[in-house]
Amino acid sequence: MAKPRRRYNRSVSDHPAILVFDSGLGGLTVLREIVKARPDAACAYVADDAFFPYGHHTEDEIIGRVVPLIGELIAQHAPRLVVIACNTASTLVMTHLRASYTVPFVGTVPAIKPACASSKTKRVSVLGTKGTVKREYTQRLIADFGQGCDVSLVGAADLPSLAEAALRGEPVGDDAIAAEIAPCFHDGDMRTDTVVLACTHFPLLLDRLIALAPWPVNWIDPAPAIARRSAELLGPAASATAAPQPTFQFTSGRPALAHDILAPFFGMHVSA
Ligand code: DGL
């Protein structure tokens, strides 16, 4: 007999609760856009840092970890909407999540369609974790939306950890970043002109990616589109009063984020 889907109470406050989830700090690049798009929402950010980086885990390990964990987080936060701000997880677990829980979900998947639509040279690279670029889901996006482009899949094993280190203010050498992005750049008659940031950690390094690229390209960050979709699913804002500040939770139990890490994302008024 089919298992009944679990139901949870939705929050009824004027400030709709949104749960934003990632393996680590990359989802802050999505949270930043959601906060801009829906200043009335009460956002809870959860990082599964005890299991970071997801890119180093097998598909079964990620499904077995994320699906029950999201159930616990839904029970804890009673969100109106859950945003999975992680490509490595979203390219695997969205069907499982939607089959298990009734709350609406927004996933983050490689922005292959807009990238291929806007590429002039028809040479596009998808820069993600090793897991994301291997996924059948990603292959299907290319087959469905590649629009005749030559699409290269580039799995960057260390870039999420480098991005977290840089965010914490630790020194991260140019060489290490340049080596991770080098396979994105194909020269010749038709040069790569578009790179999809298919991991939410990578926009954390955007200034350095731009500086280290061998030639200028269009870097595609899906975060604004995810925020727009989230706002649409929430419906019109019910309150003009400011929402409470986002909260931050880490599965490792580590203490809150330092103010100087959060300030560049959310201004000087957000405390951890
Ligand atoms: N931020 C995650 C993503 O978008 C991945 C980082 C990790 O490997 O945990 O894919």
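Numbers here are sequence positions counted from 1. These numbers come from the heavy atoms of this one structure, side chains and all, not from hydrogens, waters or symmetry mates. Just follow the structure's listing: the first ligand is 1, and inside any ligand the first atom is 1.
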Between D49 (side chain) and T251 (backbone), is there a donor-acceptor pair under 3.5 Å?
yes
Distances only, to 0.1 Å: what are the N or O pairs between ligand 1 and the protein that fall under 3.5 Å?
from: ligand 1; atom 1: 1 (N); to: D22; atom 2: OD1; distance (Å): 3.1
from: ligand 1; atom 1: 1 (N); to: D22; atom 2: OD2; distance (Å): 3.4
from: ligand 1; atom 1: 1 (N); to: T200; atom 2: OG1; distance (Å): 2.9
from: ligand 1; atom 1: 1 (N); to: H201; atom 2: ND1; distance (Å): 2.8
from: ligand 1; atom 1: 4 (O); to: N87; atom 2: N; distance (Å): 2.8
from: ligand 1; atom 1: 4 (O); to: N87; atom 2: ND2; distance (Å): 3.1
from: ligand 1; atom 1: 4 (O); to: T200; atom 2: N; distance (Å): 2.8
from: ligand 1; atom 1: 4 (O); to: T200; atom 2: OG1; distance (Å): 3.3
from: ligand 1; atom 1: 8 (O); to: Y54; atom 2: N; distance (Å): 3.3
from: ligand 1; atom 1: 8 (O); to: G55; atom 2: N; distance (Å): 2.8
from: ligand 1; atom 1: 9 (O); to: S23; atom 2: OG; distance (Å): 2.6
from: ligand 1; atom 1: 9 (O); to: Y54; atom 2: N; distance (Å): 2.6
from: ligand 1; atom 1: 10 (O); to: N87; atom 2: N; distance (Å): 3.3
from: ligand 1; atom 1: 10 (O); to: T88; atom 2: N; distance (Å): 3.0
from: ligand 1; atom 1: 10 (O); to: T88; atom 2: OG1; distance (Å): 2.5

Taking Y137 for its side chain and S90 for its backbone only, find out whether a donor-acceptor pair lies under 3.5 Å.
no
Atom NZ in K113, atom CG in L141: separation rounded to 0.5 Å?
10.0 Å
Do any N or O atoms from the side chain of H57 and from the backbone of F51 form a donor-acceptor pair under 3.5 angstrom?
yes
Donor-acceptor check, side chain of S125 to backbone of C184, threshold 3.5 angstrom: yes or no?
yes
Name of the residue among E59, R140, R135, K134 meeting side chain to side chain donor-acceptor pair (under 3.5 Å) with T91
R135
